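These numbers were taken from a predicted model, which means no experiment stands behind them. Sequential numbering from 1 along the given sequence is applied to the chain's residues.
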Amino acid sequence: MNKLVRMGDARPAPTRRGFLIAAAGTGVTLGFTGAAFGSVGLPGPAGAGLVEPTLWYGLDKAGHVTVHIIRAEMGQHVGTALARIVAEELEVDWSKVSIDHVDSAAKWGLMVTGGSWSVWQSFPQLSQAGAAGRIALIEEGAKLLGVDPASCTARSGVVHSGSKSIGYGDIVAKGNLARNYTPDQLAKMPIKPASQRRLIGQDIQALDIPSKTNGEARYGLDAHVPGMVFARPKIPPTRNDSKVVSVDDGAAKSVAGYLGYKVLNDPSGTVPGWVMVLGESFHAAYAASEKVNVAWSTGEAANVSEADLQAHAAQLIADPKAGSLVVEDPGVDAAFAGAAKRIEATYTTASVLHFQMEPINALAFEKDGVFEIHTGNQWQSLILPTLAKALGRSEDSIVLRTYLLGGGFGRRLNGDYMVPAALTAQAIGKPVKMVCTRADDARFDSFRSPSVQTLRMAFGAGGKVTAMDHAAAAGWPTEVMAPFFMPKGENGVPYDPFAISGANHWYSTGAQRVRAISNDLANRSFRPGWLRSVGPGWTNWAVESFMDEAAHAAGVDPLAFRLALLDGAGRNAGGPPSAVGGARRQAAALAAVAKKAGWGAKLPANTGLGIATTFGQERDMPTWTACVAKVHVDRRTGAVKVQKLTLVTDAGTIVHPDGALAQVQGASLWGLSLALFEGTEFAKGQVADTNLDTYTPLRMSDVPELDISFTPSTEPPVGLGEPATTVVAPAIGNAIFAAVGARVRHLPIRPEAVLAALKG
């Protein structure tokens, strides 16, 4: 890989080969030719630089449209959103639209579902694809009707010209739809103005709801082929440096259906020290695995715990030369040296597990020279090279079959769980279905690294903010699993954008420095992973808590303090395509949420309002989000009760309103869960919590009142799956301070920490 990809470069673009409409059997297929999603830095076919024609939808003789979805479906109705973009511009009857989730064939280009990218990345291309198809259908329909194309319009799958009309299906059956559009022609496609949209922004049922409610939907755990055997892993004591010394399966031989075990030899290094226990059924594999005894040798990680990781992070931060300078304005040190006042605070977060509903699983086998893997996954393009290395075969001889995900939250961006199933199937020559228990899943999780962040702010004459310095250290998932996705900082040092985005905020704070530091001890001790909201899930905890502290230090209302800094000056002015309005749009969301929540009103004793705001994920894809949390604190126990969350989101054009609301609801509740409940501890090479008896996410009884609204907008759509997650924790922390004067700086916020802060 010789191309580094910045977050802003990840938007796919049509290639020079343009757009193709071609006859295909009983219908037509319409899509961009070449690697429409291949310009983001992932390899195409060797030597070619392009992939096979990328076909985004098909239209048959009945006028039915099938939209091909490359994104993973994990409850967010992504297929409906993307199909709606196509259908809007293509002008088809929504009742004749369906979706299919494709496999990992190279022609689909980059396949990844994460970072709230799906709609944002796809909107321009799918809009152009739909418009190009509509133009072609109108032109061919006009020929068949014997009229001037300029006299024609398309509506609900029918081309009209005065009293004459012809349906799309008849055009497919009778016409010649071969077309080839150049990129210049595509750029001039007459995309509808927002005022003429009839599908985007309207309330319609998601296309996948029937199958999810009638049992037809297929998840990875549902995958089945004749003759398959089941496998359950014996997971070693450490992630990266365990080796099998011996295996004793004497007791397991008494289990009916036990088929033996395999010690895996993994050339990819993904699952060192793994032993797979086989059975005719999962029950047999599970029962036998409980009786198989494995002895391992381990390395350094077996002696590493959470405190070691955090102490190492703090040491790294203390070295001013460590890390990558993501933002480095001139004059930072001078501003601090000459400051009238300085403040500093350190914020920490604990290790956080994914605990998605469906534990990891994979079915693998070879058929007709192709190695098939059946499972749910979020980043097919990332795991394919690893599978090729593990199996010793070419990527084009491996295919991933798509299934729905029973929860992803970033865990299934890392497809490491496919490797042991594939290696076992290769070793025994039979289909193997690996199923992990909840505890197996937790112990093999690519969990979110613990983090340490230190922030400083300098004030000049009259309380003016003159400089801000933010240093953040954590394990870097992208460095470990996808280093080609790492851009370089101002000092030439690569950094993990998914572990620092959010720190490069839109506030005008004078000279600014943002320093991202990789915790190498964390990277060696476990495999850090991406978790819903990635970097901003913890960087914004520090930024927005610190902004609150800075406001109080300056003697200014926290809302007024933020609004003054969100002035849209300089680099914070924003611009096209996705950040038009910049910081002023964030300020508008902040002002709106404060008004809705009754900011400044008198509240009962020990009750407070806390405010926080964010731009979501990356500066090139800002989702302007603001939250006010209303909390009550029990001074005797330190218990925090969140009574209400008020959120305002400006996400540009809202494509699928019901889905958007569900996304923000889920994201905000996830943020609440991370704020008060979720967190484990890394202890001697293992996570301390492996099931939901001790790892306790948000319960229904703790769900507060939610007041969620969207700012009306015709700007391009941006991401919605994660931004709301990032504002809830700091809003709660700030509300606790407002309620009882206790400042907490660690996530999750435990009652004992509140009590300690009250006493301190």
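- Screening residues 667-679 for salt bridge (Lys or Arg N to Asp or Glu O under 4.0 Å) gives no qualifying pairs among residues at least two apart or on separate chains.
- Every residue meeting the salt bridge (charged side-chain N to carboxylate O under 4.0 Å, His left out) condition with D707, not counting sequence neighbours, appears here in chain and number order: K596.
- Atom CZ of F526 and atom CZ of F444 lie 14.0 Å apart (nearest 0.5 Å).
- Residues meeting the ring pair (Phe, Tyr, Trp, His ring centres under 6.0 Å) test with F230, sequence neighbours left out: none.
- Side chain of Q665 to main chain of S668: no donor-acceptor pair is present (N/O by atom type, distance under 3.5 Å, no hydrogens or angles).
- Distance alone, capped at 3.5 Å, places no donor-acceptor pair between the S449 side chain and the A474 backbone.
- Without hydrogens or angle criteria, T113 side chain to A72 main chain gives a donor-acceptor distance under 3.5 Å.
- Shown here are the salt bridge (charged side-chain N to carboxylate O under 4.0 Å, His left out) partners of D266, two or more places apart in sequence or in another chain: there are none.
- When the salt bridge (charged side-chain N to carboxylate O under 4.0 Å, His left out) test is applied to K644, the partners found at least two apart in sequence or on another chain are E705.
- In this structure, the side chain of T375 engages the main chain of N361 through a donor-acceptor pair within 3.5 Å.
- For R443, the side-chain hydrogen bond (donor to acceptor under 3.5 Å, both in side chains) test picks out Q686, with sequence neighbours left out.
- Within the 3.5 Å criterion, the main-chain N or O of G502 finds a donor-acceptor partner in the side chain of N504.
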**Prompt:** When you look at F447 and W530, which way does the ring pair (Phe, Tyr, Trp, His ring centres under 6.0 Å) test go after all the steps?
**Reply:** CA-CA 7 Å; F447 56 91; W530 303 282; over 10 Å; no

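- Remark: E479 engages S518, N523 in a side-chain hydrogen bond (donor to acceptor under 3.5 Å, both in side chains) (not counting sequence neighbours).
- A donor-acceptor pair is defined here as one N or O able to donate and one able to accept, closer than 3.5 Å; no such pair exists between the side chain of R438 and the backbone of F355.
- Sorted by first and then second residue, the side-chain hydrogen bond (donor to acceptor under 3.5 Å, both in side chains) pairs involving residues 79-89 (not counting sequence neighbours) are R84-H656, E88-K192, E89-R134.
- A salt bridge is absent between E722 and R532; no separation between the charged side-chain nitrogens and carboxylate oxygens falls under 4.0 Å.
- By the side-chain hydrogen bond (donor to acceptor under 3.5 Å, both in side chains) test, T646 is found to be paired with no residue, residues two or more places apart in sequence or in another chain being considered.
- A distance of 10.5 Å separates CG in L405 from CG in L221, rounded to the nearest 0.5 Å.
- Note that CG of L672 and CG of L698 are 5.0 Å apart. Values are rounded to the nearest 0.5 Å.
- To the nearest 0.5 angstrom, E544 atom CD is 13.5 Å from I732 atom CD1.
- The backbone N or O of V687 sits nowhere less than 3.5 Å from a side-chain atom of T680 that would complete a donor-acceptor pair.
- More than 12 heavy atoms of other residues, nucleotides or ligands sit less than 6.0 Å from atom NZ of K212.
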**Request:** Would you please test H374 and F365 for ring pair (Phe, Tyr, Trp, His ring centres under 6.0 Å) and show each step?
**Result:** CA-CA 9 Å; H374 296 235; F365 57 91; 5.2 Å; yes

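- A salt bridge links D416 and R411; the closest N-O separation between the charged side-chain nitrogens and carboxylate oxygens is under 4.0 Å.
- Residues in residues 648-670 take part in these salt bridge (Lys or Arg N to Asp or Glu O under 4.0 Å) pairs, two or more places apart or across chains: R585-D650.
- A donor-acceptor pair is defined here as one N or O able to donate and one able to accept, closer than 3.5 Å; no such pair exists between the side chain of E216 and the backbone of N214.
- Remark: the backbone N or O of T623 is paired with a side-chain donor or acceptor of T625 at under 3.5 angstrom.
- From I360, atom CD1 reaches atom CG of D440 across 8.0 Å, with rounding to the nearest 0.5 Å.
- Atom OG of S446 is separated from atom CZ of R412 by 12.0 Å, given to the nearest 0.5 angstrom.
- Remark: T725 engages no residue in a side-chain hydrogen bond (donor to acceptor under 3.5 Å, both in side chains) (not counting sequence neighbours).
- Among residues two or more places apart in sequence or in another chain, the salt bridge (charged side-chain N to carboxylate O under 4.0 Å, His left out) test is passed with D396 by none.
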